[in-house]
Amino acid sequence: MNPNLQQAAWGSTLTKNKALLDWVGEMAQMCQPDQVVWCDGSEAEKKRLTEEAVAAGILIPLNQKKRPGCYLHRSNPNDVARVEHLTFICTPTEQEAGPTNHWMAPDEAYAKLGTLFQGAMRGRTMYVVPYVMGPLGSPFSKVGIEITDSIYVVLSMRIMTRMGKAALDMLGPAGDFNRGLHSTLDVNPDRRFICHFPQDNTIWSIGSGYGGNVLLGKKCLALRIGSYLGRKEGWLAEHMLILGMESPEGQTTYVAAAFPSACGKTNFAMMIPPRRFQGWKIWTVGDDIAWMRVGSDGRLWAINPEAGYFGVAPGTSVESNPTAMRIVQRDTIFTNVAMTEDGDVWWEGMTPKPPAGLTDWHGKPFDPASGEKSSHPNSRFTSPATNNLALSRHVNDPEGVPISAIIFGGRRATTVPLVLQSFNWTHGVTLGATMGSETTAAATGKVGVVRRDPMAMLPFCGYDMGTYFNHWLEMRGQIPHPPKIFMVNWFRKGADGSFVWPGYGENMRVLKWIVDRAMGKVGGRETPVGWVPREGDLDLSGMDITPEAFREATAVRVAEWKKEIEMQGEFFESIGPTMPPALELQRKLTATALEYGAPMGEP
Ligand code: GTP
Ligand code: SPV
Ligand code: MN
């Protein structure tokens with residue numbers, strides 16, 4: 001090993017952890033960086049790295065009067081979203097990864113990526129980023145170390161996780177940490193791989209600089225490795241927001257909700273209730289990931305492993321999400337949005353019309369007549385959770401918050417009603433397992449086609465999907481007081497192609513019904529596919545919606561559902577031998593109820 005590098009790795013004043021120092025030394029020997037820098041998470045370090053990033057053109061300072069502490073980053077245009085076809089679960093056998101994941105044998109993956117990592121950091125700095133997913137000191141939190149050659153990654157991890165010395169203190173001398181290695185290499189899609197080795201608690205990511213591919217604590221550790229550990233250890237790692245709904249009497253009820261990427265988690269987690277709900281308050285615990293365990297009181301408790309938001313920019317406005325608009329006012333890194341003449345940011349949907357003199361996300365003058373978009377559809381903001389005025393007081397509670405309802409939701413133009421309550425846990429798990437959604441810009445590929453995205457975890461489950469379903473079913477036996485399970489759809493469209501439900505803040509009305517149902521306090525009508533609210537069950541006062549539109553939003557149509565149930569059957573078959581029979585039986589039961597033409601329960 002290069003003696004200078006050895007010294008850099010071993011000479012850290014931050015830790016004496018031998019397993020960690022050995023591993024960093026080994027990675028440095030492979031990647032051959034010019035220097036190794038250990039990140040402590042201090043303000044001075046942030047200042048130094050930000051200055052370096054600005055000097056290198058990685059960050060562009062925005063108008064510091066309008067947006068203090070804010071910067072713009074433009075990624076390589078070939079590198080703007082997660083790449084599912086280049087994401088691999090590298091378990092010893094292909095069966096463990098299952099039919100919905102891409103699999104590579106561990107030896108092959110280590111060899112293939114090892115060749116690419118060989119000398120990958122020559123002429124560059126290797127940053128060692130210690131971080132914690134979850135509240136500091138919580139027995140449920142996990143420590144990870146990400147080695148990266150990207151300052152953008154370091155500064156983003158600083159926002160998204162509890163990063164720096166605190167993580168090393170929490171780790172102490174233990175060897176039990178996630179080993180993450182990342183290099184942007186030459187940002188070439190032909191040399192881009194995101195590989196997970198759950199059995200080694202290891203992640204290797206190369207050739208990308210984009211969010212979910214490279215902020216290794218997020219989707220890679222908190223969901224893919226997390227779900228694998230959750231199954232082994234009896235808990236759940238889910239692609240879910242967590243929010244608290246506080247009544248005017250001061251009682252707060254918590255729910256967790258899984259919607260696929262770019263389908264409304266951030267918006268729902270920060271919702272401002274409409275005027276009708278004066279005195280009610282929504283508190284954000286998390287907007288993307290939930291780790292849930294059974295508490296000593298027999299309820300399900302959730303923590304948010306993250307410390308920041310990596311949110312979709314387009315569509316975010318003072319009308320749709322005023323909370324987020326305040327969050328991005330300071331200390332935020334924007335990625336691939338447009339810049340205004342006076343150094344502010346803009347994206348589609350922020351205001352009805354683009355301001356004159358915009359620079360687009362490629363750095364070119366923007367021509368509104370071109371038909372192009374000024375910001376990439378998957379452009380994002382990275383902001384600290386502490387910027388959120390609606391941040392729950394309980395985000396740092398080591399045990400988390402108790403969950404009364406679990407909500408699944410997809411983006412469906414037809415078939416799925418505004419809200420549906422399952423009959424029981426098994427039926428609820430079936431609703432989650434059969435979730436469908438139209439694809440979005442959050443992953444590369446065609447946008448707008450319906451695909452099954454069970455529990456919004458299709459891209460994030462670190463092991464075989466049938467076994468994951470079974471884990472959900474088995475969890476029922478561990479939870480004496482389980483949350484009730486619901487399904488929602490904000491995206492149903494009418495004959496004219498527009499959304500029949502206004503969504504955003506108005507979703508409060510649906511949430512209120514959900515929480516009241518969970519407490520057994522409100523009515524509904526039974527349909528073969530679950531319970532839906534009747535007109536009087538949902539508080540629609542002060543809302544601009546016709547009775548016809550409401551009926552359309554909540555309609556359950558036999559013909560549509562028969563087709564849906566058939567498609568679900570095809571999906572279940574594709575899961576193969578590990579598919580739990582209980583879910584297939586539940587599907588058949590629904591098919592039978594539809595076949596007998598059970599009354600649709602019109603009021
Ligand atoms: P990830 O961060 O990718 O996991 O996504 P997310 O689920 O947090 O998505 P987000 O809240 O950022 O929503 C993204 C898109 O959904 C934006 O285009 C929003 O405008 C749109 N959206 C969110 N809520 C609603 C709603 O209630 N109705 C409608 N019609 N659109 C919504
Ligand atoms: C998602 O795609 O679900 C995200 C963004 O939340 S990323 O971190 O890139 O996965
Ligand atoms: Mn997400």
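Source: prediction; values computed, not measured. Atoms within each ligand, like the ligands themselves, are counted from 1 in listed order. Computed from heavy atoms alone, side chains included, the values below leave out hydrogens, waters and symmetry copies.
In terms of N/O distances under 3.5 Å, ligand 1 is approached by R380. Where the criterion is an N or O separation shorter than 3.5 Å, residue side chain and backbone included, G503 fails it with respect to ligand 1. Taking distance alone, with nitrogen or oxygen atoms compared against 3.5 Å, G212 approaches ligand 2 more closely than that limit. Remark: ligand 1 and P502 share no N or O pair separated by less than 3.5 Å (distance only, no angle test).
Protein heavy atom nearest atom 1 (C) of ligand 2, with residue, atom name and distance: K219 NZ, 2.9 Å. For atom 32 (C) of ligand 1, the nearest protein heavy atom (residue, atom name, distance) is Y504 OH, 3.3 Å. Given atom 3 (O) of ligand 2, the protein heavy atom at minimum distance is S261 OG, 2.5 Å. Remark: minimum distance from atom 16 (O) of ligand 1 to any protein heavy atom is reached at R411 NH2, 3.4 Å. Of the protein's non-hydrogen atoms, K265 N, 3.4 Å is the one closest to atom 6 (P) of ligand 1. Taking atom 5 (O) of ligand 1 as the reference point, the nearest protein heavy-atom neighbour is A262 N, 2.7 Å. The protein heavy atom nearest to atom 18 (O) of ligand 1 is P314 O, 3.8 Å. Of the protein's non-hydrogen atoms, the one nearest atom 9 (O) of ligand 1 is G264 N, 3.1 Å.
Atom CD of E548 sits in a crowded spot, with more than 12 heavy atoms from other residues, nucleotides or ligands closer than 6.0 Å.
Salt bridge K512/E506: absent, no basic N to carboxylate O contact under 4.0 Å. Using a cut-off of 4.0 Å between Lys/Arg side-chain N and Asp/Glu carboxylate O, K219 and D288 are scored as salt-bridged. A salt bridge links R492 with E560: the distance from a Lys NZ or Arg NE/NH1/NH2 to an Asp or Glu carboxylate oxygen falls below 4.0 Å.
Only the side chain of D288 comes within 4.0 Å of ligand 1, judged by heavy-atom distances. Of the heavy atoms in N213, none comes closer than 4.0 Å to ligand 2. If you look at K493 next to ligand 1, there are no close heavy atoms at all, none under 4.0 Å. Proximity of Y309 to ligand 2, defined as any heavy-atom pair under 4.0 Å, is not found for any part of the residue.
Each of the following atoms of ligand 2 lies closer than 4.0 Å to a heavy atom of F460: 3 (O). Of all atoms in ligand 2, numbered sequentially from 1 with element shown, those under 4.0 Å from a heavy atom of H239 are 3 (O).
Residue S320 places every heavy atom at 4.0 Å or more from ligand 1.
Listing protein N, O or S atoms at distances below 2.8 Å from the Mn ion (ligand 3), with waters left out, gives K219 NZ, H239 NE2, D288 OD1.
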